[in-house]
Amino acid sequence: MTLAQTQFRPESAHRVHGTVADTMEAAGPQVWEDMTVEVALSVMAAARTGHLVICDDDGLCTGLVTQARLRAVRDGSGYTDRICLRDIADVIAPFTSPLTTRAEAERAMRRRRLGALPVVDDQGNALGVLVLVLALSR
């Protein structure tokens, strides 16, 4: 007879395994929604990041914009230097929770054709960003 050794896993460790919290990146720069495209591109260049988390006046996450989206807007025929981030966000709610499973969040991102998704707490504060590394399909 062989004895099987069991290992105790705390409930909190089990809950966190396989969630968005395991793989999210830091939120990075958080900017106000009335920031212009040119200023946002400068902030991105200085921070060496490909996305910015957009916040309202209370500091709550309202969206996310990528560098590709900012460049497309700037290079577009309708561009003016008064276009604000609130008008062009790539991602506007709903966001994801750190407790959402990675598989569920990735499915939602593929369905919505998103490369990045803000991760927020129950109050709407940005905790991080989930970035989809695989090529988007469909």
Side-chain angles (χ1 to χ4, degrees):
M1 173 187 215
T2 306
L3 292 176
Q5 184 176 4
T6 59
Q7 189 173 19
F8 175 75
R9 288 180 90 175
E11 182 60 29
S12 61
H14 180 66
R15 257 195 333 259
V16 175
H17 181 70
T19 65
V20 168
D22 295 332
T23 55
M24 70 181 185
E25 297 178 1
Q30 297 181 27
V31 298
W32 284 275
E33 52 192 6
D34 61 348
M35 180 178 280
T36 64
V37 170
E38 287 300 326
V39 174
L41 282 166
S42 295
V43 169
M44 276 188 183
R48 295 185 176 153
T49 187
H51 61 266
L52 295 173
V53 172
I54 305 169
C55 298
D56 64 13
D57 291 335
D58 295 324
L60 302 179
C61 182
T62 61
L64 181 134
V65 68
T66 62
Q67 188 175 51
R69 175 73 170 133
L70 290 175
R71 287 184 177 161
V73 168
R74 184 190 59 193
D75 297 341
S77 61
Y79 175 73
T80 72
D81 62 357
R82 294 183 181 228
I83 295 176
C84 296
L85 297 182
R86 79 169 60 82
D87 302 324
I88 62 161
D90 289 336
V91 180
I92 299 175
F95 307 127
T96 193
S97 159
L99 301 177
T100 304
T101 66
R102 288 184 301 213
E104 183 181 355
E106 288 173 1
R107 275 193 304 276
M109 291 173 72
R110 284 190 181 91
R111 248 191 334 269
R112 294 175 59 196
R113 297 180 183 254
L114 301 174
L117 185 64
V119 180
V120 298
D121 64 15
D122 293 338
Q123 289 78 38
N125 298 301
L127 301 175
V129 175
L130 181 65
V131 177
L132 190 59
V133 179
L134 302 174
L136 296 175
S137 60
R138 295 184 201 168

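Counting from 1, the numbers follow the sequence of the chain as shown.
By the side chain to side chain contact (heavy atoms under 4.5 Å, CB included) test, Ser42 is found to be paired with no residue, residues two or more places apart in sequence or in another chain being considered. Checked against side-chain hydrogen bond (donor to acceptor under 3.5 Å, both in side chains), Asp34 has no partners two or more places apart in sequence or in another chain.
Under a hydrophobic-cluster definition in which Ile, Leu, Val, Met, Phe, Trp and Tyr are linked whenever side-chain heavy atoms come within less than 4.5 Å, directly or via other members, Leu117 and Val65 are assigned to different clusters. In terms of hydrophobic clustering, with Ile, Leu, Val, Met, Phe, Trp and Tyr side chains grouped at heavy-atom distances under 4.5 Å, Met109 and Ile92 are assigned to different clusters. Under a hydrophobic-cluster definition in which Ile, Leu, Val, Met, Phe, Trp and Tyr are linked whenever side-chain heavy atoms come within less than 4.5 Å, directly or via other members, Leu64 and Leu85 are assigned to different clusters. Grouping the Ile, Leu, Val, Met, Phe, Trp and Tyr side chains by contacts below 4.5 angstrom, directly or via other members, places Val31 apart from Leu127. Residues Val39 and Ile54 fall within the same hydrophobic cluster, defined by Ile, Leu, Val, Met, Phe, Trp and Tyr side chains chained together at heavy-atom separations under 4.5 Å.
Across all their heavy atoms, Tyr79 and Glu38 have their closest contact at OH-CG, 3.2 Å. Here the closest heavy-atom approach between residue Val53 and residue Ala27 is recorded as CG2-O, 3.5 Å. Smallest separation of non-hydrogen atoms from Leu41 and Gln67: CD2-CG, 4.3 Å. Across Thr100 and Thr96, no two heavy atoms sit closer than the pair OG1-OG1, 3.1 Å. A pairwise comparison of heavy atoms in Val43 and Pro29 identifies CG1-CB, 4.2 Å as the closest pair. When all heavy atoms of Ser97 and Val119 are compared, the pair lying nearest together is C-CG1, 3.9 Å.
Residues Glu106 and Leu132 meet the side-chain proximity criterion, which asks for heavy atoms closer than 4.5 Å. Put simply, the side chain of Gln30 does not reach to within 4.5 Å of the side chain of Pro118, judged on heavy atoms. Counting heavy atoms from C-beta on, the side chains of Leu130 and Thr23 come closer than 4.5 Å.
Contacts classified as side chain to side chain donor-acceptor pair (under 3.5 Å) and involving residues 51-64 (residues at least two apart or in different chains) are given here: Glu33-Thr62.
To the nearest 0.5 Å, atom CG of residue Leu70 and atom CG of residue Leu52 are 6.5 Å apart. In this structure, the separation between CG on Leu99 and CG on Asp122 is 8.0 Å, given to the nearest 0.5 Å. Rounding to the nearest 0.5 Å places CD of Gln123 at 8.5 Å from CG of Leu60. Taken to the nearest 0.5 Å, the OG1 atom of Thr36 stands 10.0 Å off from the CD1 atom of Ile83.
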Practice problem: Go through the steps to decide whether Ile88 and Arg69 satisfy the test side chain to side chain contact (heavy atoms under 4.5 Å, CB included), and finish with yes or no. | Solution: CA-CA 8 Å; Ile88 62 161; Arg69 175 73 170 133; 3.9 Å; yes
